[in-house]
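Protein chains get the first letters and strands the later ones, always in sequence-line order, with residue 1 at the start of each.
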Amino acid sequence: MDPAQAVVVRNMSMTFGGQRALDAVDVSIRRGEIHGLVGQNGCGKSTLIKILSGYHHPDPGGELEIDGLPVKLPVRTGSASELGLSFVHQDLGLLPTLTVVENFRAWTISTKFELFIRWGRERQLTEEAFARYGLSCDPRAVVGELPAVQRALLAIVRALDDLRVYTKDDESRGGLLVLDEPTVFLPRENRENLFEVIRRSVTHGSSVLFVSHDLDEALSVTDRITVLRDGRVAGTVDSAATKKDQLVEMIIGKRLEAFEAIHREHTVGERSHVSVDGVTGGTIKDVSFALNEGEVLGLTGLVGSGFEELPYQMFGATPANSGRMTIAGIEHDLATMSPPDAIKAGMGLIPADRQGAAGIGSLLVRDNVMMQVIDQYRPYRLDRRRYLRGAEDTLKEYDVRPPEPIMDFQALSGGNQQKVVLAKWLQGGPKVLLVHEPTQGVDVGARLQVFETITQAAAQGMSVVCASSDYEQLAAICDRVLIFHDGQIMCALVGDQITKDRITEQCYVSRGTLRPDTETRIPA
Amino acid sequence: MNQVSTGTPGEMLPPVENEPQRHRKGITLGDYVERFALIIAWVIVIVVFSILAPESFFRMQNFTTMLSTQTTLVILALAVLIPLIAGDYDLSLAANLMMAGMLVAVLNAEQGVPLGLTILIALGFGALLGFINGLIIIIFDINAFIVTLGTGTIVTGLVLWISSSRTIGGVSVWLSDWVVVNRLAGLSIEFFYGLLLCAVLWYVLDFTAIGRRILFVGRGTNVARLSGIRVGRVRWGCFVAAGILASFGGIVYTGTAGAADPVSGGTFMLPAFAAAFLGSTAITPGRFNPWGTYIAVYFLVTGVTGLAIMGVQSWVQSVFYGAALVIAVSASAFVKKRREAAAKL
């Protein structure tokens, strides 16, 4: 037993339906250490954290030790803070309409039986905790009105305070604070404040496991970093002695690229078709790009980079603050864009939320697929027979299985739901199709069909914008991929550059070096 | 979704897609029973009361009275139905109905305004109230339930004001003639107004693109919005249409009684909702629909009439309507869940 080790994970494995999400992972975190955990989507980071929080039951054989004491696995849910584990997740878990004190003391207030809540004392306890970690925040403020960084700080200090229940009786204990990407939605300028609190927290003897996608951030905050790749530990490095490139290489690993080069057969037209100029809104800051006829353009980046907001802004689903878009010579103001205008302009949008935004689960497939074209069937005296036949033909054309219009949309499999949604938009022959995560929750067979449908439509001149964090998918269908960071385009990959690993690498590497990509700018 | 979460991608050969043959068009016996359960229940109620009170209940006159005099409730229930399909509650419709009835009475009997004009004014008021409801709900994006509860209460107060809290009679007999006195096939003419309105609403909802859009909006507001449907306009239009319909109900109500009283119209609100929800378990189960609502109204009326004939005290009427609403809502939720569960198989 090594007193310097706060948390030791040994030989931890996790299998989901035959697939190993974690494979004999060893991680040890020293007392008073800020330990980074990085890796691609699906590398096993979240699985590991969910094992620690008791959400997943790991395979037998794994061991977990906290402050020298073995912990029985699976971790009993709800007992995490007794064991010395405390978590802050991306969503922070705060109640925005309540005050700071109410949030800070929520757990204690709601679980301890007291006839009266002594608000004065609660406020005092809150202020004491804030002082301990150097957080200045009015306990009476409403959480939803605090700046984003303050909210994150509040969540972190609350989690640290939970740990004190565990550490106060025994000086030798430190406990572990797990920060699961707490900075994703924070403005970059103010993050330093937050790191200060994190650094201060470890001087009290606790340790921090810092999960992040942002490698610069991880390198600057942490003492050591463990890299996970495909469910295994790719290595643990000293942050001070490691360069970002080395980290990226560890994240991606050396793989055969040939496998990924799925050939794109169609050719991009010469004519510029769509140009988007100076879009600002949400995370997106002054983004411009052009799109040719028949081009499939990928938008990607890490979580929080804002790439997925663009299709919705172009479509007017979530209006941008400013920006212009020209389609086939007609200019549109993106600040006042609305879905009906977008459709009139020749656009279609396939949102990622298939049941909540793309199709209506409780309605028939017929009504879902025909929503756009219903006016073509005698709107004031619906030709129901022709309407039904039209639906049937469309379902057959797009290979929806079963091609049965009289069944609820929600009864279809994910892949077939997506085919219905594609059919709904493509039968109107849009000039521009915007798609967001088109193959999420879609089985492999249908995934290829979706790719084929999209590339075929592009081959006939339709332009496609595909926002996705599925790099393999982007590599398979895109002619060009724009990589976003902090709401801006950081680089563009074209042609042979578009491979899964190149995209991954650029997502991690490209930041801080804004080079206005002349290629993606529209000529004045 | 379920197929996707398990197994490695390589193992997932094209999954169970060809199999769901049982989703074929075929309508099972169970579906038929579900569709016509309300009618069956109605028949049972009639049979039970006929056995219990063969002398008074099971008489032609009783049936013609039941069919003839409940048009007001039919119309109000149909009015309630329209915003419900678009996903909104309109609680101001009963007040709207009272106001329309009272406007006709006050203007015609007390101010001497020609009846035709008063009818137009009443309908105009209904449209205006619907328009204002929509304005507040759509433009300021406020919950329809609360807004219409408020506007309905305001209008209820205004009804008391313009009537000085009195029942106002002396309305031109022409109105009564064309609502209740004139008969067709032994039934008051108003019965056919209700029937005709139900048929028109059914046509609009099922056989026009606008009707489909209302359904899209009610079922998936966000999907409808992203599909280019102007969701706000559709909902707004539904409030206006419901307002006009409710005010027509008010005119019929005044015609039925030959007078307008400032309170009794309010008692229609609950049975109207009960009928709409009960109706959603029938004909096209899981969906608010005009014919289901129509049948539900007469089912409820039959129950209440039967109880009254049995000599049960009048407080039972409230108990009956209230219970019917709770049961109807539970049943429609049950039907919906069952359909969803069936869809997931």
Side-chain angles (χ1 to χ4, degrees), chain A residues 16-19 312 315 317 338-344 348-351 353-363 367-368 370-372 374-382 384 400-402 404-416 424-425 440-447, chain B residues 1-27 203-213 215-233 284 286-287 335-337 339-345:
Chain A
F16 292 109
Q19 195 180 22
Y312 299 92
F315 196 72
S338 73
D341 295 339
I343 290 166
K344 217 174 291 162
L349 171 72
I350 299 185
D353 179 3
R354 206 166 299 132
Q355 292 262 352
I360 303 175
S362 67
L363 283 187
D367 292 326
N368 272 289
M370 303 299 270
M371 214 177 270
Q372 303 290 321
I374 188 165
D375 281 333
Q376 298 166 11
Y377 295 86
R378 281 201 320 229
Y380 298 104
R381 191 161 62 86
L382 275 187
R384 306 240 298 190
V400 176
R401 297 179 216 164
E404 170 54 66
I406 306 292
M407 66 189 272
D408 281 351
F409 179 71
Q410 62 201 356
L412 290 173
S413 70
N416 283 302
K424 163 182 160 182
W425 286 102
Q440 210 170 52
V442 165
D443 55 85
V444 169
R447 182 176 152 105
Chain B
M1 292 289 276
N2 292 335
Q3 307 98 300
V4 186
S5 60
T6 54
T8 58
E11 290 168 4
M12 291 189 307
L13 295 168
V16 286
E17 290 174 348
N18 288 321
E19 165 252 13
Q21 290 296 327
R22 58 206 151 81
H23 286 297
R24 281 272 155 202
K25 280 176 195 166
I27 296 167
Y203 180 84
V204 171
L205 290 172
D206 269 25
F207 293 88
T208 68
I210 292 162
R212 296 279 100 182
R213 291 212 173 89
L215 184 65
F216 296 157
V217 169
R219 285 306 177 86
T221 311
N222 202 25
V223 178
R225 187 177 71 91
L226 294 179
S227 302
I229 295 173
R230 297 188 190 270
V231 169
R233 279 191 208 173
T284 46
R287 192 179 280 190
V335 167
K336 202 172 150 221
K337 272 207 194 101
R339 286 176 67 85
E340 271 166 18
K344 286 209 182 80
L345 283 178

Interface residue of largest heavy-atom contact number with chain A, from B:N222, B:L215, B:T208, under 4.5 Å: B:T208
Residue part contacting chain B, namely of A:A358, when any heavy atom lies under 4.5 Å: backbone
Contact leader toward chain B among A:Y312, A:Y377, A:W425, where contacts are heavy-atom pairs under 4.5 Å: A:W425
A:S362 backbone acceptor or donor facing B:R219 side chain under 3.5 Å: yes
Closest contact, heavy atoms only, A:G356 versus B:V223: O-CG2, 3.6 Å
Greatest number of heavy atom pairs closer than 4.5 Å to chain B - which of A:G359, A:S338, A:A342: A:G359
OG on B:S227 to CD1 on A:I360, rounded to 0.5 Å: 7.0 Å
Flag side-chain contact, heavy atom, 4.5 Å: B:R212 against A:D375: no
Inter-residue atom distance A:L363.CG - B:F216.CZ, 0.5 Å rounding: 6.5 Å
For chain B, the option from A:D341, A:I343, A:N368, A:D353 that forms the most heavy-atom pairs under 4.5 Å: A:I343
Minimum heavy-atom distance between A:P340 and B:G228, given as atom pair plus value: CG-O, 3.4 Å
Side chain, backbone, both or neither of A:F315 within contact of chain B (heavy atoms, under 4.5 Å): side chain
Donor-acceptor under 3.5 Å (A:R384 side chain, B:F207 main chain): no
Where B:Y203 and A:Y380 come nearest, the two heavy atoms and their spacing: OH-O, 2.8 Å
Least distance between heavy atoms, A:P339 atom then B:L226 atom: CB-CA, 4.4 Å
